[in-house]
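Data first, discussion second: the structure below is written as structure tokens.
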Number of protein chains: 2
Amino acid sequence: MDIQLKRGLLDVCVLAAIRSEDSYGYKIIKDMKPYIELSESTLYTILKRLEAANMLTVQTAEHGGRLRKYYRITRAGEKRIEEFKADWKEILSIYRFVTKEGNDND
Amino acid sequence: MDIQLKRGLLDVCVLAAIRSEDSYGYKIIKDMKPYIELSESTLYTILKRLEAANMLTVQTAEHGGRLRKYYRITRAGEKRIEEFKADWKEILSIYRFVTKEGNDND
DNA sequence: TGTTATATATCGTATCACGAGGTATTGTTG
DNA sequence: CAACAATACCTCGTGATACGATATATAACA
């Protein structure tokens, strides 16, 4: 997928990945993989950004001797998803504009 | 609309705006306005980029004493639109991922 | 004269995905 | 044990890019 297109989808995808259940970095990447791929450096950058924007909270937990940082979505994060849904109407309008067989003079 | 989301749509929107008929900067902005808004500085940056990528060609013409640069889409530009259509399938998949498991109606 | 519309262009800034690289532990295999 | 993969986190530099601010110039109009 076009990298610029990804930019507008990644944040909201990460939020969706932790929406139903708290999750951690490594797992988020795996869960998102069928839909959209991203590198670790990208994901951790996004998580930091979303935390700074209060769209998720984090708590560290130990699991099998390894450290895990569990992320939980906040109300602001859920609102971000709602905003994406609102944007979706515009995206559909743009899609129709781009895909319509332009011939008539409008 | 979210600015990051715009990033992935603007290029292809500009191409769509000149697809059916050659057009120029000022008119492109107006034609796109119902679907997506962009500033002049953004548009001219995009036109330069698309020209450098051979997705459009340009020819200058005078109109009522004022200079106009008419842009015409190339085969590469049309291919770019086709690539967007291909990306669309992934976008839909992501949309479903983001909006699913919301038991609440909306 | 002054203002708005038309029409193009450049520059600096902020944002952001990603590759490259780093740290550390657990599990597995020869 | 040694070697390596998998798990799990993090930082830094770079390139891409939307946009506000700014500049230039003509036409239309009050």
Side-chain angles (χ1 to χ4, degrees), chain A residues 1-15 17-18 22-33 35-53 55-56 58-71 80 84 87 90-91 94, chain B residues 1-15 17-18 22-33 35-53 55-71 80 87 90-91 94:
Chain A
M1 176 183 305
D2 176 66
I3 186 176
Q4 300 306 324
L5 218 36
K6 280 181 79 170
R7 287 175 93 108
L9 302 169
L10 281 176
D11 277 31
V12 92
C13 259
V14 169
L15 288 171
I18 64 167
D22 293 2
S23 189
Y24 56 96
Y26 210 77
K27 185 170 187 292
I28 292 169
I29 289 173
K30 285 193 172 178
D31 289 344
M32 284 175 62
K33 200 162 193 174
Y35 307 100
I36 192 165
E37 290 190 49
L38 76 172
S39 67
E40 294 180 18
S41 59
T42 300
L43 195 257
Y44 290 111
T45 304
I46 290 171
L47 289 171
K48 283 267 168 64
R49 187 166 66 233
L50 292 176
E51 192 190 351
M55 291 190 185
L56 48 79
V58 59
Q59 49 186 357
T60 304
E62 206 182 304
H63 179 89
R66 273 193 291 263
L67 192 74
R68 275 186 188 167
K69 291 179 79 172
Y70 282 89
Y71 296 91
R80 177 69 183 81
F84 172 75
D87 280 344
E90 287 182 58
I91 296 171
I94 289 163
Chain B
M1 176 182 305
D2 176 65
I3 185 175
Q4 300 307 322
L5 216 37
K6 279 180 79 169
R7 287 175 92 107
L9 302 168
L10 281 177
D11 277 31
V12 93
C13 259
V14 170
L15 289 170
I18 65 168
D22 294 2
S23 189
Y24 56 96
Y26 209 78
K27 185 170 188 293
I28 292 169
I29 289 173
K30 285 194 171 178
D31 289 344
M32 285 176 62
K33 201 161 193 174
Y35 307 101
I36 192 166
E37 289 189 49
L38 76 171
S39 67
E40 295 178 16
S41 58
T42 300
L43 196 257
Y44 290 111
T45 305
I46 290 170
L47 288 171
K48 283 266 169 65
R49 186 165 68 235
L50 292 176
E51 192 190 351
M55 290 189 186
L56 50 78
T57 55
V58 58
Q59 50 186 357
T60 304
E62 206 182 303
H63 180 88
R66 274 193 291 265
L67 193 74
R68 275 187 188 167
K69 291 179 80 173
Y70 281 89
Y71 296 91
R80 176 70 183 81
D87 280 344
E90 287 181 58
I91 297 171
I94 289 163

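Chain identifiers are assigned alphabetically (A, B, ...) following the order of the sequence lines, protein sequences preceding nucleic acid strands; residue numbering begins at 1 within each chain.
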What's the closest nucleotide to the A:T45 side chain, out of C:dC18, C:dT10, D:dC9? C:dC18
Here the distance between atom P of C:dC16 and atom CG of A:L5, to the nearest Å, is 16 Å
Indicate, with a heavy-atom threshold strictly under 4.0 Å, whether B:R66 touches base, sugar-phosphate, or nothing. base
Among D:dA18, D:dC9, D:dT7, which nucleotide sits nearest the side chain of A:Y24? D:dC9
Which pair of non-hydrogen atoms, one from A:Y44 and one from A:G25, has the smallest distance, and what is that distance? OH-CA, 4.0 Å
To the nearest Å, how far apart are A:K6 NZ and C:dG19 C1'? 13 Å
Among the candidates C:dC18, D:dT11, C:dT8, find the nucleotide nearest to the side-chain atoms of B:Y44. C:dT8
Using a cut-off of 4.0 Å on non-hydrogen atoms, how would the nucleic acid contact of A:K27 be classed: base, sugar-phosphate, or nothing? nothing
So, applying salt bridge (Lys or Arg N to Asp or Glu O under 4.0 Å) with B:D11, which one of B:K48, B:R80, B:R49 is it? B:R49
Closest of D:dC9, C:dT8, C:dC16 to the B:E40 side chain is C:dT8
Are the side chain of A:D87 and the backbone N or O of B:D2 linked by a donor-acceptor pair below 3.5 Å? yes
Starting the side chain at C-beta, find the nucleotide from C:dC16, D:dT11, D:dT7 nearest to A:R7. C:dC16
Show your working on side-chain contact (heavy atoms from CB on, under 4.5 Å) between B:Y35 and B:L9 and close with a plain yes or no. CA-CA 11 Å; B:Y35 307 101; B:L9 302 168; over 6 Å; no
Measure distances between side-chain N and O atoms of A:S41 and base N and O atoms of C:dG19, and say whether any donor-acceptor pair falls under 3.5 Å. yes
Starting at CG of B:L50 and ending at C1' of D:dA18, how long is that distance when rounded to a whole Å? 14 Å
Under 4.0 Å between a side-chain N/O of B:Q4 and OP1 or OP2 of C:dT15, yes or no? no
Mind calculating the distance between CD1 (A:I36) and C1' (C:dC18) to the nearest angstrom? 13 Å
Whole angstrom is fine here: how far is it from CD1 in B:I3 over to C1' in D:dA18? 5 Å
Where each residue is assigned the nucleotide of DNA chain D containing its nearest heavy atom, which of A:K69 and B:T42 is assigned the position nearer the 5′ end? A:K69
note: B:I29, atom CD1; D:dA18, atom P; distance rounded to Å ~ 13 Å
Which nucleotide wins on minimum distance to the side chain of A:Y26, given the candidates D:dT7, C:dT6, C:dA17? D:dT7
Side-chain heavy atoms of B:M32 within contact of B:L10, under 4.5 Å: yes
Give the rounded distance in Å between these two atoms: CZ of B:R49 and P of C:dA9. 15 Å
Can you measure B:L43 atom CG to C:dA7 atom C1' for me and round it to whole angstrom units? 11 Å
Of B:L38 and B:G64, the one whose closest nucleotide on DNA chain D sits nearer the 5' end is B:L38
Any side-chain N or O of A:K30 under 4.0 Å from OP1/OP2 of D:dT7? yes
Exam field: side chain A:K6 to backbone B:G8, donor-acceptor pair closer than 3.5 Å: no
